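Structure first, commentary second.
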Amino acid sequence: MSTPAPLPRVVIVGCGFGGIEAARTLAGTPVDITLIDRTNHHLFQPLLYQVATAGLTSPSISGPIRHILRRQIRNGQLTVLLGQVVGIDAGARCIALADGERVPYDHLIVASGATHSYFGHDEWAAHAPGLKTLADALHIRQRLLYAFELAEREAQDAAARESWLTFAVVGAGPTGVEMAGTLAEIAHHTLHEEYRRIDSRRARVVLLEGAPRVLGAFPETLSQRAREQLDALGVEVRTGAQVTHIDDQGVRFRRGKDEPEETLRARTVIWAAGVAASPLGRELQRATDCALDRAGRVVVEPDLTVAGHPEIHVVGDLAAAKSHAPGREPTPVPGVSPGAKQMGRHAAANIRRRLRSQATRPFHYVDYGSLATIGRRSAVATVQVPLLGQLRFSGLFAWLFWLFVHVYFLIGFRNRLIVLADWAWAYFTFERHARVVPEPLATMPHARQEHTWAEPVEPEHASKRA
Ligand SMILES: Cc1cc2nc3c(=O)[nH]c(=O)nc-3n(C[C@H](O)[C@H](O)[C@H](O)COP(=O)(O)OP(=O)(O)OC[C@H]3O[C@@H](n4cnc5c(N)ncnc54)[C@H](O)[C@@H]3O)c2cc1C
């Protein structure tokens, strides 16, 4: 009796939006899938800022990969491996994990996403954390919440207190705008009345943007609406501000080439400005000689494969892909979750076609629109409606639409329910329930740690209020 031929091996690197859609699309296809991720969870990045600002807990916006894909694992089609991919050997058709294990493939889908770019100033990373992973979000949450605590400790030094109560957000894309708006709400509503020596409502939130307007990817009218909504929340917006230096005392920036450098003393700086492709882009270049764009993304063929390697697909934020709509000039695919999902599905479908000896198809991105929220009851939205074209709206209706879309796309019924309940509670009470920080103050390297004997302090703010 002859043994059946082994199934084609598909290896997927990364279980973000692109990777998970590729794995799901291949369900039922006669292939043996290995999905590798450096974490054990799939993360819904669009709501990361809510974890960073204590509105939601980590499990509400993430889920264990094994649990999400348990049916494919149970059916014997899928193996999930926890590991950091560090190398690709395109000749031997295998990938290498950090611990030395090599995983062979017949078809490879690389979906390892993006990371922060500090525009050549990696030393800023220590002072201005960016937001990409759950670990980043929890780190930022600690810094934000402890900044208020440290301001309360600086009752006698007004300048030091002010610098703890000044928050700089660099980059006014959707993440920067969401962070700044929510921070202003925390300072003005959530924490107000919980401190005795400081008035949290005096906190400054400064949003620095190099471009002339906030939310530069949105139409100008919506940028203007967003700006007005930020102003209403008390966020100080500085557009045309090129950051020149960041350290543990704050940010320096220049508003124009010939303008003098301005210094903003801010002990908490959040980086929401630059995005660079995952380092696996460089590794793919080394392995296949493929081209990279300026952000380090892999320039892919119309069918999302690497030039000269029809067995290697790159999808999601790592791919510099173009949309090939019939009868139109190809246009770049934006680095957003619908783009990653559609690419993941497309790569999987093309693998299926190749297995049936059919020609692969070029990728066509369907743009449904864009959303960004600024704070409670304020958001901006563009939505593509068939026959009507692009609809643009802002304010309460855009915010409700934003809520609906984000809850709808969250993975897992339980997560949807919990997020809805948390948001409803927060809406009526202004509370942010995820404020418990497990790490002690000593884990914040830039906090005051030295021991000196100081004078006892009276609770000034409390006596003023009484
Ligand atoms: C804060 C934030 C807010 C956002 N908001 C929105 C939004 O509102 N709307 C929107 O459409 N898009 C938004 N985006 C963009 C969107 O999340 C991305 O476009 C999308 O996640 C890209 O999907 P991906 O599969 O390419 O990468 P990711 O979803 O980032 O997944 C990459 C996966 O690869 C894994 N990985 C990386 N390197 C390795 C390695 N070497 N070995 C093993 N595993 C590895 C990671 O752990 C991760 O699971 C946001 C992004 C961020 C960071």
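Atoms within a ligand are numbered from 1 in the order they appear, just like the ligands themselves. All values derive from a computational prediction rather than experimental measurement.
Near Thr175, meaning under 4.0 Å from any of its heavy atoms, are these atoms of ligand 1: 1 (C), 2 (C), 3 (C). Remark: ligand 1 atoms within the under-4.0 Å shell around heavy atoms of Pro338 are 11 (O). Those atoms of ligand 1 with a heavy atom of Phe17 less than 4.0 angstrom away are 17 (O), 20 (C), 21 (O), 23 (O), 25 (O), 29 (O). Of all atoms in ligand 1, listed by their number and element, those nearer than 4.0 Å to a heavy atom of Gly83 are 42 (N), 43 (C). Ligand-side atoms of ligand 1 in range of Gly16: 25 (O), 28 (P), 29 (O), 31 (O), 33 (C), 49 (O), range being under 4.0 angstrom from any heavy atom. Residue contact check: Gly316 has heavy atoms under 4.0 Å from atoms 26 (O) of ligand 1. Close contacts between ligand 1 and Ser337 involve ligand atoms 10 (C), 11 (O), 12 (N), 16 (C), 19 (O) [criterion: under 4.0 Å to a heavy atom]. When each atom of ligand 1 is checked for a heavy atom of Ala111 under 4.0 Å away, the hits are 32 (C), 33 (C), 34 (O).
In this model, no donor atom of one side chain and acceptor atom of the other lie less than 3.5 Å apart for Ser394 and Arg225.
Arg9 has a carboxylate O that lies under 4.0 Å from a charged side-chain N of Asp106, or vice versa, which qualifies the two as a salt bridge.
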| Is there a side-chain hydrogen bond (donor to acceptor under 3.5 Å, both in side chains) between Thr182 and Thr53 once you walk through the steps? | CA-CA 7 Å; Thr182 312; Thr53 54; 4.7 Å; no

| task | Given side chain to side chain contact (heavy atoms under 4.5 Å, CB included), test His121 with Val243 step by step and report yes or no. | result | CA-CA 11 Å; His121 289 280; Val243 170; over 6 Å; no

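Of all protein heavy atoms, the one closest to atom 5 (N) of ligand 1 is Pro46 CA, 3.3 Å.
The presence of a protein heavy atom under 4.0 Å from atom 26 (O) of ligand 1 is confirmed.
Of the candidates Val13, Leu134, Val405, Asp317, it is Asp317 that places a heavy atom closest to atom 18 (C) of ligand 1. Remark: among candidates His406, Glu178, Gln45, Glu283, the nearest residue to atom 2 (C) of ligand 1 is Gln45, based on non-hydrogen atoms.
Of the polar atoms of Val85, at least one N or O is found under 3.5 Å from an N or O of ligand 1, judged by distance alone. Between His41 and ligand 1, a contact under 3.5 Å exists for no N or O pair. In terms of polar-atom proximity, Gly14 is not counted as a contact of ligand 1, lacking any N or O under 3.5 Å from an N or O of the ligand.
Assignment of Gly335 to the shell around ligand 1 is supported, since a heavy atom sits closer than 4.0 Å.
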Could you give the side-chain donor-acceptor pairs of residues 331-338 under 3.5 Å, partners two or more places apart or in another chain?
none

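At distances below 3.5 Å, at least one donor-acceptor pair connects side-chain atoms of Gln72 with backbone N or O atoms of Ala23.
A cation-pi arrangement is absent between Arg213 and Phe218 under the rule of less than 6.0 angstrom and at most 45 degrees off the ring axis.
In this structure, Phe44 and Phe17 have perpendicular ring planes: the angle between them is above 60°, well past the 30° mark.
Side-chain contact between Trp399 and Thr373: present, with at least one pair of heavy atoms (C-beta onward) separated by less than 4.5 Å. Here the side chains of Glu209 and Val237 are not in contact, with every heavy-atom distance at 4.5 Å or above.
In terms of the side-chain contact (heavy atoms from CB on, under 4.5 Å) criterion, residue partners of Ala307 (sequence neighbours excluded) are, by chain and number, Glu301.
Heavy atoms of Leu43 found under 4.0 angstrom from ligand 1: none, in either backbone or side chain.
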